[in-house]
Amino acid sequence: MTRHLNDARGRLRSRILGWAMLALASAGLCLTGLPSRAGGGDDHTHATAPVAVATQGVPRIALQSDLYEVVGTLQDLRLTLHVDQTDDNEPVINATVTVTLGDVPVNATPTPGGTYVVASSRLAEPGPVDVVVSISAPAGDDLLIGSLAIPGLEGDAVTQALSGHDHGSIVDRAREAVAPLHRGQTWVLGIFAAGLGLGLLLRSRRARPVALVTAGILVLVTTGFAFAHGGEDHDHDAPVAVPGTNTPQRMPDGAVFVPKPSQRILEVRTTVAKPATVEAATRLIGKVIPDPNRGGLVQSIGGGRVIAPPSGMPQLGQAVRKGDVLAHVERPIIQADQAIVVEKVGEIEQMIGLAEAKLARAKRLVATGAGTTISVSDLEIELEGMRSRRAAVSDIRTTPETLTSPADGVIASSRVVAGQVVQGQDILFQVVDPKNLWVEALAFETLPPLPEDATALTVEGITLKLSPKGVSRALQQQATVVQFAVIDPPANLRVGQPVTVLSRTGASATGIVLPRNAVVRSGNGEAMIWRHVEPERFEPRPVRIEPLDATRLIVRAGVAEGDRVVVRGADLINQIR
C-alpha cells in the first residue's frame, strides 16, 4: 500500500516538474521575439553583400598577353571571340584560332564582322571550364589560358557552388535558420531548447533519447552561433562588380568599361608610351591673311552713289580676273558746283561758235586767194582744243567712276549694294587668291632663327605647313610680327581665321611624344589621357603637356614608359557616363 502511494507521488512530482520546464521554455520562446542588444564588438550597420549569380548578365572571359588580347562572350551556347593586338588594339582579322574547352579542342570560325565563333557541346555544361586559346597570325603565334564560368545553376545549388559548403546537414540548416537572430535571442533560444529537453525527459521514459538528441543539437547550434557571432568582424569586402553586359559604362572608381564590340565601333587605337628626345617648340598666336602680291582692296577715290555694272554686282566667292568691272560710282556734285559747270560749259560753247565762224571766213579767203592756209590750220587746232575742254567739263557731271579688280582671285568680302552712297577710301570689295595665303603671328618673346618647316593648327584641328617670309623690325602691340606663307592651303581656309603657330626653338626636350588626339579635357578642364589597363577597361590619368608641332605634343608627367595610351577614340571614351 505504501509502495503504490510513493510511486504515485513520484509520478506526480515528475509531471509537475515537466510542466514547469515546459512553461519555462515557453516563456523563453516568447522572449526571443523581444529586441535584444547586439553582442559586444559587433557592427550591424552593414548590408548584406550582393552575390553575383553566374546566370545573370553575359558570361565573358578576358585574356591578355604581350601580343594579343582576347575577349569572349557566351550567348546562345556560342562563344564569340574578339582578338586584338595588344600594342595598338588593332583587330586581328586573318588568323587561325583554336580554342580548347577543358579537353576538347575546337577550331574557331571567322566571321565577316572580324570575330571568331566557337560552337561546342561543352558550352552547355554548367560550371567553370578551362579555356586555352591558340592564335596563329602574321604578328606571331601565342597561347592564352583562362577560365570561363558557364551559367546554369540556380537556387540552393548556386549558393552551394558559390560558398563551397554542404547545406544538407541538419546542423548547418539549423545554423542558417538562427543566423538572423541577435546574440541575446540565441541565448534565450538555448534556454528554450534546454527546458524542452528536460520537460520531455521527465515526462516519459520513451521520449528520453529523442529529447536528449534534440536538446543537444539545439544547444550546440545556438550557443556555438552566439559565441561565434560575438567575435565576428562585420567589415566584409563586397566583391568587385564586373559588368555583365555589352554596354559601355562609367565605373565607380572613374574608370570606363568599354566592351570589345564598342571598341570596334569607336575604332579605339592605342600606342605604347616610349620616351624620346625631340626639338622643343614655341607657341605663337596668329591669323590667316591674304598674300599681298595676289589680291587687294577695291576703294573709291572721291565717293558717291554706287551703280551696278551691266553684269550685276559681284557675289561673294565669285571668281574675277584682273581689270574686270566690279561697280561704278556716280560722283556727287552740289548745286553750286553744278551751276559753275553749266556756266563753264556755256562759255566754252560760245568760244567754239566764234572759232567756227573765224574758220569759215579763213577758208573763204583762202579760196579767193586773199588768205593763207596757215591761218586755217591754226583755227582748226584752236577749235579742236575747245571741243576737248567742253567734253572734259561735261564728263565731270555725267561720267561715273569705274571700279575694277586689282588681281585675279575671288571676292572675299563685299560691303556695298547698288544705290549705296559711299565715302572716299571706303573698302568696297576684297579680292583674295585662295591658293596664296599667309599667316601673320605675334611673338612676345625673343625668337630664334625661324625654321623652314614651321606648322600651324586651326581651331578645327587642321594642320598647316608654313614657310617663313619675314620678321618685322618694329614692334606691334609690344610684339614682333612674323609672317609665314601657307604651303598648299586647304580649300576651307578663310582670311582672318585664328591659328596657333608652332615654331621650333632649337632646344632639345625629353618626354613621351603623343598625338594631340590622345589628350582630352576632364570636367574641370584638366588635360588627361586614357590608359588601356585591361582588354575592356580604361583608366583616366592627368598629364602635363607641352606643344611640339601641329599634330604632336610632349607629355612631361603622368605617363610611364610602357603604358598603353589611347591615341584614337579618346574623346569618345571621355564622353561615356
Side-chain angles (χ1 to χ4, degrees), residues 58-124 129-150 243 245-248 256-274 514-515 517-518 530-538 551 562-573 576:
V58 179
R60 61 199 321 113
I61 181 174
L63 307 175
Q64 180 177 336
S65 67
D66 294 338
L67 291 179
Y68 303 108
E69 287 182 346
V70 177
V71 173
T73 55
L74 179 61
Q75 287 183 319
D76 300 330
L77 301 181
R78 293 164 61 90
L79 184 63
T80 303
L81 300 177
H82 293 77
V83 182
D84 297 335
Q85 295 183 163
T86 301
D87 291 345
D88 55 7
N89 205 45
E90 185 77 20
V92 178
I93 305 300
N94 298 323
T96 302
V97 179
T98 302
V99 180
T100 302
L101 301 172
D103 298 330
V104 180
V106 181
N107 293 327
T109 303
T111 65
T115 60
Y116 302 86
V117 177
V118 176
S120 174
S121 58
R122 182 63 180 86
L123 298 174
V129 59
D130 293 333
V131 179
V132 179
V133 181
S134 175
I135 302 174
S136 179
D141 299 341
D142 205 349
L143 197 68
L144 296 90
I145 302 175
S147 179
L148 174 65
I150 301 177
T245 63
N246 286 329
T247 302
V256 173
F257 171 76
V258 185
K260 279 298 180 181
S262 299
Q263 295 182 34
R264 298 283 179 92
I265 296 175
L266 301 179
E267 295 185 354
V268 177
R269 298 294 181 266
T270 62
T271 187
V272 179
K274 298 179 180 178
L514 293 177
N517 295 335
W530 284 94
R531 295 174 58 245
H532 194 187
V533 294
E534 296 178 4
E536 296 181 311
R537 181 182 175 89
F538 298 83
T551 59
D563 287 348
R564 290 189 299 159
V565 181
V566 179
V567 295
R568 187 195 301 177
D571 54 339
L572 301 176
I573 295 177
I576 296 176

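- Here H532 contributes atom NE2 and T86 contributes atom OG1; the two are 9.0 Å apart, rounded to the nearest 0.5 Å.
- Between V131 and V99 there is a side-chain heavy-atom pair separated by less than 4.5 Å.
- Side-chain contact between F538 and V268 is present, with at least one heavy-atom pair separated by less than 4.5 Å.
- Listed here is the closest heavy atom pair of A95 and I135: CB-CG2, 4.4 Å.
- Side chain of Q75 to backbone of T80: no donor-acceptor contact under 3.5 angstrom is found.
- The closest side-chain heavy-atom distance from V97 to V133 is below 4.5 Å.
- Here the side chains of H82 and P91 are not in contact, with every heavy-atom distance at 4.5 Å or above.
- R568 meets the side-chain contact (heavy atoms from CB on, under 4.5 Å) test with E267, R269; sequence neighbours excluded.
- Residues L101 and V129 come closest through the heavy atom pair C-CG2, 3.9 Å.
- Here the straight-line distance linking atom CG of D130 with atom CD1 of I145 works out to 8.5 Å at 0.5 Å rounding.
- Applying the side-chain contact (heavy atoms from CB on, under 4.5 Å) test between E69 and each of E534, Q85, E536, K260 identifies K260 as the sole match.
- The side-chain heavy atoms of R264 and T115, taken from C-beta on, include a pair separated by under 4.5 Å.
- Pairing each heavy atom of V92 with each of A137, the nearest pair is CG1-CB, 4.0 Å.
- Here the side chain of D76 pairs no donor or acceptor atom with the backbone of R78 at under 3.5 angstrom.
- The closest donor-acceptor contact from the side chain of Y68 to the backbone of L63 lies at 3.5 Å or more, if one exists at all.
- Counting all heavy atoms, side chain and backbone alike, T270 lies closest to N89 at OG1-N, 3.5 Å.
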